[in-house]
Amino acid sequence: MKKIDHIGIAVKNIDSALAYYINTLGLKLLGIEEVKSQHVKVAFIDAGNIKIELLEPLGSEGAVAKYIEKRGEGIHHVAFGVSNIRNRMEELKKNGVQLLQEEPKLGAGGAEVAFLHPKSSFGVLYELCDKGDV
Ligand code: CMX
């Protein structure tokens with residue numbers, strides 16, 4: 001892995017969280033979109049070398065809704081920026097890492113994404129994020 005692309009933060013309400021990140025902390029909003037496949041609305045914020053991704057659940061289904069229900073708001077995942085995501089997934093699998101899917105999925109901004117199970121990553125949910133820019 002060469003770089004962290006973003007940190008995902010689960011929030012109940014993106015507008016309330018944005019008021020804090022933009023107005024109070026003085027960071028810049030890059031964009032908001034819905035990622036229906038993941039049941040979330042997301043906002044990307046520029047945080048220098050990496051981005052912060054706020055994740056608000058769309059309804060009660062999906063990983064982020066479940067996360068908030070069980071643990072409350074907070075850091076949900078860390079995303080590595082990668083290239084050739086399928087090769088990366090193969091390499092990791094060979095090294096005993098448990099992937100959460102066989103094929104990459106379509107994520108925010110048209111990126112291909114895949115997740116590594118926190119159980120095989122020392123308690124951290126990692127995402128591989130391939131936007132073809134690494
Ligand atoms: N970070 C660290 N650990 C986590 C976690 C997270 N975000 N979410 C769950 N866990 C841990 C739980 O604490 C639990 O551990 P224990 O068994 O020790 O209690 C274990 O993983 C199982 O958790 P669970 O609550 O029973 O949840 P599920 O098994 O139903 O799902 C996971 C967990 C990671 C498999 C699921 O959230 C998933 O598939 N995530 C990948 C997709 C995703 O997160 N999408 C949202 C982001 C979308 C985006 O970025 O666009």
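Residue numbers run from 1 in the order of the sequence given. Just so you know, ligand 1 is whichever comes first in the structure, and atom 1 is the first atom listed for that ligand.
Nearest protein neighbour of atom 21 (O) of ligand 1, counting heavy atoms only, is P118 CG, 3.9 Å. With hydrogens left out, the protein atom closest to atom 44 (O) of ligand 1 is H76 CE1, 3.1 Å, a heavy atom. The single protein non-hydrogen atom nearest to atom 47 (C) of ligand 1 is F115 CZ, 3.9 Å, given as residue, atom name and distance. In terms of protein heavy-atom proximity, atom 17 (O) of ligand 1 is closest to K119 NZ, 3.1 Å.
The closest heavy-atom contact to atom 37 (O) of ligand 1, among the options P57, A63, G62, S37, comes from A63. Remark: among candidates K70, K105, R71, the nearest residue to atom 12 (C) of ligand 1 is R71, based on non-hydrogen atoms. With distances taken over non-hydrogen atoms, the option nearest atom 39 (O) of ligand 1 out of L100, L116, L106, V64 is L100. Across the listed options H77, E53, K66, K66 owns the non-hydrogen atom lying nearest to atom 30 (O) of ligand 1.
Distance check for atom 28 (P) of ligand 1: a protein heavy atom is found below 4.0 Å. In this structure, atom 19 (O) of ligand 1 has its sub-4.0 angstrom surroundings free of protein heavy atoms. In this structure, atom 33 (C) of ligand 1 has no protein heavy-atom contact shorter than 4.0 Å. There is no protein heavy atom less than 4.0 angstrom from atom 9 (C) of ligand 1. Within the 4.0 Å cut-off (strictly below), a protein heavy atom is located near atom 42 (C) of ligand 1. For atom 49 (C) of ligand 1, the nearest protein heavy atom lies under 4.0 Å away.
At a 4.0 Å heavy-atom cut-off, ligand 1 touches L55 through the side chain alone.
H76 and E53 share no side-chain donor-acceptor pair at under 3.5 Å.
The shortest separation from a heavy atom of G123 to ligand 1 is under 4.0 Å, placing the residue in contact. Residue contacts with ligand 1 do not include H39, since none of its heavy atoms lies under 4.0 Å from the ligand.
Within 6.0 Å of the NZ atom in K3, the count of heavy atoms belonging to other residues, nucleotides or ligands exceeds 12. No more than 12 heavy atoms of other residues, nucleotides or ligands shown are found within 6.0 angstrom of CD on E61. When the shell of 6.0 Å around CG of N49 is examined, it contains 12 or fewer heavy atoms from other residues, nucleotides or ligands.
When all heavy atoms are compared, the tightest approach of I22 to L27 is CD1-O, 3.2 Å. Of all heavy-atom pairs between I50 and I4, the closest is CG2-O, 3.1 Å.
Residue contacts with ligand 1: H117 is placed with no nitrogen or oxygen under 3.5 Å of a nitrogen or oxygen of the ligand (distance criterion only). Residue H6 places no N or O, backbone or side chain, under 3.5 Å from any N or O of ligand 1. Between Q38 and ligand 1, at least one N/O pair is under 3.5 Å apart.
Ring pair F80/Y126 is parallel by interplanar angle, where below 30° counts as parallel and above 60° as perpendicular.
If you number the atoms of ligand 1 from 1 as listed, the ones under 4.0 Å from a heavy atom of E127 come out as 50 (O).
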Q.
For F115 and L99: C-alpha separation, side-chain torsions, deciding distance, then whether side-chain contact (heavy atoms from CB on, under 4.5 Å) applies.
A. CA-CA 6 Å; F115 289 85; L99 295 163; over 6 Å; no

Q: Go through the steps to decide whether E102 and K93 satisfy the test salt bridge (Lys or Arg N to Asp or Glu O under 4.0 Å), and finish with yes or no.
A: CA-CA 10 Å; E102 291 296 319; K93 231 159 66 176; 3.0 Å; yes

Q | Candidate pair L128 and L92, rule side-chain contact (heavy atoms from CB on, under 4.5 Å), full reasoning | A | CA-CA 11 Å; L128 307 180; L92 289 166; 3.8 Å; yes

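Using a 4.0 Å cut-off between charged nitrogen and carboxylate oxygen, D5 and K51 count as a salt-bridge pair. Taking the charged nitrogens against the carboxylate oxygens, E112 and K131 have no contact shorter than 4.0 Å, which rules out a salt bridge. At a threshold of 4.0 Å, the pair K105-E127 does not count as salt-bridged, since none of the basic side-chain nitrogens sits closer than that to a carboxylate oxygen.
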